[in-house]
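Just so it is clear, the model here is predicted, and its values are computed rather than measured. In what follows, every heavy atom counts, from backbone to side chain, and hydrogens, waters and symmetry copies are set aside. Chain identifiers are assigned alphabetically (A, B, ...) following the order of the sequence lines, protein sequences preceding nucleic acid strands; residue numbering begins at 1 within each chain.
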Number of protein chains: 2
Amino acid sequence: MTYESALTALADPTRRAIVEVLRGAPQPVGSLAGRFPISRPAISQHLRVLSDAGLVEAHAEGARRIYRLSPDGLGALRRYLDTLWDDALAAYARAAETHAKEQARRTPFD
Amino acid sequence: MTYESALTALADPTRRAIVEVLRGAPQPVGSLAGRFPISRPAISQHLRVLSDAGLVEAHAEGARRIYRLSPDGLGALRRYLDTLWDDALAAYARAAETHAKEQARRTPFD
DNA sequence: CAGATTCGTAAGTCATTTCTTACCGTAAGT
DNA sequence: ACTTACGGTAAGAAATGACTTACGAATCTG
């Protein structure tokens, strides 16, 4: 549920692909596994990581478990990135300003 | 520069810590390495990953290379997460609605 | 110019992660 | 009740990733 676990979860290409499938529509595990060249248990393990990160959630529907996207983990991640974004922009602005000064100082001698 | 590489880069705790230090102020590699219990080459390797992802950038200053945050990779990541966020919210809303219907259908029999 | 600083890259080792097979519990159908 | 479908967990093998030491290139200093 922290932004760290969300980052770790989304770092894996297979897990990102699972998320992409779930963007289309909620899916049971078996249907999800059918779309990938890896075993169903592997998918289950990925779903566990995504679930622990609050990126997906499941509800039982008879014998099957339907997974769908969850906003929880994504919200935490977005909040973190927003603050980081502010600092990155500030660093960029500061760098541009410094560069302009350097240019102004050097230009007379070129 | 893609959101995928940004996610991979930020998945590592040490790289996140490096980013956190750079939030404070731009730093040369040696100064950065001094703050961590790992070797300087290891820091260099992390900086390469962060740089490839467009999360940091460097400029030479004499013999040293000053690293600072860069908005590029972060922007790509934020854009991706925003679209994903929309889909997650939609999925959540749809689930809540379905649940409400189920409740309405079941309540008379309780 | 010689020595010292700063940093990137290469090669190899070690740890972590991902994947597979095997197995178990639960739910649905006959 | 028996069988089939569905999916989570365990244990070990295989692939990835992070770290170390060794080395080389570029810059600064005396």
Side-chain angles (χ1 to χ4, degrees), chain A residues 2-22 25-70 73 102 106, chain B residues 2-22 25-70 73 102 106:
Chain A
T2 66
Y3 74 90
E4 287 98 335
S5 58
L7 283 170
T8 312
L10 290 175
D12 183 79
T14 302
R15 282 194 291 267
R16 281 196 300 268
I18 289 175
V19 165
E20 286 306 312
V21 172
L22 291 180
Q27 303 260 338
V29 178
S31 157
L32 219 34
R35 299 169 182 262
F36 295 95
I38 62 178
S39 70
R40 184 191 49 73
I43 300 291
S44 265
Q45 288 159 9
H46 283 308
L47 286 171
R48 177 144 166 71
V49 175
L50 288 168
S51 177
D52 286 351
L55 294 169
V56 306
E57 51 192 345
H59 70 277
E61 205 162 281
R64 43 188 109 173
R65 295 176 56 75
I66 312 293
Y67 280 86
R68 63 164 175 262
L69 294 185
S70 162
E102 301 270 311
R106 182 165 33 235
Chain B
T2 65
Y3 74 89
E4 286 99 335
S5 57
L7 283 169
T8 312
L10 290 176
D12 183 79
T14 302
R15 283 195 289 268
R16 281 198 299 269
I18 290 175
V19 165
E20 286 305 312
V21 172
L22 291 180
Q27 304 260 339
V29 178
S31 157
L32 220 34
R35 298 170 184 261
F36 295 95
I38 61 178
S39 70
R40 186 194 46 74
I43 299 291
S44 267
Q45 288 160 9
H46 282 308
L47 286 171
R48 177 142 165 70
V49 174
L50 288 168
S51 177
D52 286 351
L55 293 169
V56 306
E57 53 193 343
H59 69 278
E61 205 161 281
R64 42 189 108 168
R65 297 175 54 76
I66 313 293
Y67 281 86
R68 65 164 172 263
L69 294 184
S70 162
E102 302 269 312
R106 181 161 35 234

May I have the distance from B/R64 (atom CZ) to C/dG8 (atom C1'), rounded to whole angstrom?
16 Å
Count the heavy atoms belonging to other residues, nucleotides or ligands that lie under 6.0 Å from CZ of B/R16, then report whether that count exceeds 12.
yes
In this structure, how many angstroms lie between the P atom of D/dG7 and the CG atom of A/L32, rounded?
9 Å
A/E61 has an atom CD; how far is it from atom C1' of C/dT26, in whole Å?
16 Å
Validation row: A/E57, A/H59 side chains within 4.5 angstrom (heavy atoms):
no
Any non-hydrogen side-chain atom of A/T8 less than 4.5 Å from a side-chain atom of A/V49?
no
Is there a side-chain contact between A/F36 and A/V21, using heavy atoms and a 4.5 Å cut-off?
yes
Whole-Å distance, A/F36 CZ to C/dT20 P, equals 13 Å
Can you check whether B/D52 reaches B/S5 side chain to side chain, under 4.5 Å on heavy atoms?
no
What nucleic acid atoms does A/Y67 come within less than 4.0 Å of, heavy atoms only: base, sugar-phosphate, or nothing?
sugar-phosphate
With the side chain counted from C-beta on, respond yes when B/L22 and B/L50 share a heavy-atom pair under 4.5 Å apart, and no when they do not.
no
What is the distance from CG of A/L50 to C1' of D/dG8, rounded to the nearest Å?
15 Å
Identify which nucleotide among C/dT6, D/dT9, C/dG8 has an atom closest to any side-chain atom of A/R48, counting heavy atoms from C-beta outward.
D/dT9
For the pair made of CG in A/L47 and C1' in C/dT18, what is the distance, rounded to whole Å?
14 Å
Rounded to the nearest angstrom, tell me the gap between atom CD1 in A/I18 and atom P in D/dG7.
13 Å
Quick one, A/L55 and A/R15 - any side-chain contact, counting heavy atoms below 4.5 Å?
no
For B/R65 and C/dT9, give me the distance from atom CZ to atom C1', rounded to whole Å.
13 Å
Heavy-atom contacts, protein to nucleotides 13-20 of chain D, under 4.0 Å, summarised as B (base), S (sugar-phosphate only) or - (none) per nt, yield -----SBB
Identified pairing partner of D/dG24, criterion: Watson-Crick or G-U wobble below 3.5 Å
C/dC7
